[in-house]
Amino acid sequence: MKNLKFLTLFLFCFLAFTLSLSAQNKIISIDSINKLTEDSIDKLIEKKRNYNKKNGFGYTIQVYYGNEKTAKSTYTKFGVLYPKTPKKLVYNNPYWKVQVGSYKTTLEADRANLIFSKEFSGTIVIPVGK
């Protein structure tokens, strides 16, 4: 009788142990891991593209920072000298900025800055959307 109780207890423990092990060993295929990874990467890329569309990215060159009258005349002068380069007039209370160009790398922006600094003093390269 004692042996029967021991054997029953042993079988019960063995069964509980094997069931818990089989529940923990989930089989995940390589294809499902790759699919999850590809989906995550696609979502991240889409998020980055949306952010760039909204906030811009890369670098721009600030040609002037100061009062409104000088900013507007600098904006006009720049448009005459470099008509193909995009430009914008930005107002941050109480100062006005003239920002020009849109460059992907600092190298491109620095090269353009060398050209613009011949006509305008105090030009600086500014990161956009970072």
Side-chain angles (χ1 to χ4, degrees):
M1 192 65 147
K2 202 175 195 183
N3 286 340
L4 187 61
K5 284 184 181 178
F6 178 76
L7 184 60
T8 307
L9 181 63
F10 176 78
L11 286 174
F12 177 78
C13 290
F14 179 75
L15 257 165
F17 180 74
T18 54
L19 287 175
S20 69
L21 279 180
S22 65
Q24 291 176 2
N25 291 334
K26 293 181 180 177
I27 298 173
I28 300 174
S29 69
I30 298 296
D31 292 334
S32 65
I33 292 173
N34 288 339
K35 178 75 173 147
L36 287 172
T37 306
E38 289 171 10
D39 290 344
S40 300
I41 291 171
D42 290 342
K43 285 179 185 175
L44 283 174
I45 289 172
E46 187 61 31
K47 272 185 164 180
K48 179 64 175 160
R49 285 184 181 150
N50 289 335
Y51 178 84
N52 287 344
K53 284 178 187 175
K54 181 180 175 189
N55 299 314
F57 67 97
Y59 300 88
T60 189
I61 298 170
Q62 185 168 290
V63 177
Y64 178 76
Y65 179 82
N67 65 44
E68 180 181 4
K69 185 177 180 181
T70 310
K72 288 183 177 181
S73 67
T74 304
Y75 180 84
T76 305
K77 180 181 176 184
F78 186 87
V80 170
L81 292 172
Y82 306 100
K84 293 184 179 180
T85 305
K87 60 193 178 303
K88 64 181 176 179
L89 198 55
V90 179
Y91 178 66
N92 279 347
N93 192 17
Y95 298 106
W96 290 79
K97 302 174 187 178
V98 178
Q99 296 177 345
V100 299
S102 178
Y103 308 96
K104 289 185 179 181
T105 65
T106 53
L107 182 61
E108 290 175 358
D110 287 337
R111 285 180 180 162
N113 191 25
L114 287 174
I115 295 167
F116 301 146
S117 65
K118 293 176 185 173
E119 294 292 329
F120 302 94
S121 63
T123 60
I124 56 171
V125 174
I126 298 176
V128 177
K130 296 191 181 199

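What you see below is based on every heavy atom in this structure, not just the backbone, and it leaves out hydrogens, waters and symmetry mates.
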Query raised in the report: Roughly how far, to the nearest 0.5 Å, is OG of Ser121 from CZ of Phe116?
Result: 15.0 Å

Requested in this report: Begin from the C-alpha positions of Asn93 and Tyr95 and carry the test side-chain hydrogen bond (donor to acceptor under 3.5 Å, both in side chains) through to its verdict.
Outcome: CA-CA 5 Å; Asn93 192 17; Tyr95 298 106; over 6 Å; no

Report summary line: Residues Thr123 and Phe120: closest non-hydrogen pair is CG2-O, 3.5 Å

Query raised in the report: Does any N or O in the side chain of Thr60 come within less than 3.5 Å of the main-chain N or O of Gly101, such that one atom is a donor and the other an acceptor?
Result: yes

Under 3.5 Å donor-acceptor pairs involving side-chain atoms of residues 69-85, not counting sequence neighbours:
unit_1	atom_1	unit_2	atom_2	d
Thr70	OG1	Asn67	OD1	2.8
Lys72	NZ	Glu68	OE2	2.9
Ser73	OG	Thr70	O	2.9
Thr74	OG1	Thr70	O	2.7
Thr76	OG1	Lys72	O	2.9

Report task. May I ask whether Tyr91 and Val100 are part of the same hydrophobic cluster, defined by side-chain heavy atoms of I, L, V, M, F, W, Y residues being less than 4.5 angstrom apart, directly or through others? Result -> yes

Query raised in the report: Between Ala109 and Tyr59, what is the shortest heavy-atom contact and its length?
Result: CB-CB, 3.9 Å

Query raised in the report: Looking only at heavy atoms, which two atoms of Tyr103 and Ala112 are closest? And how far apart?
Result: OH-CB, 3.3 Å

Query - Single hit among Leu44, Asn50, Asp42 for side chain to side chain contact (heavy atoms under 4.5 Å, CB included) with Glu46 - result: Asn50

Query raised in the report: When Gln99 is tested against each of Leu89, Ile61, Val63, Ile126 for side chain to side chain contact (heavy atoms under 4.5 Å, CB included), which residue passes?
Result: Ile126

Report summary line: Rounding to 0.5 Å, atoms CZ (Arg111) and OG1 (Thr106) come to a distance of 10.0 Å

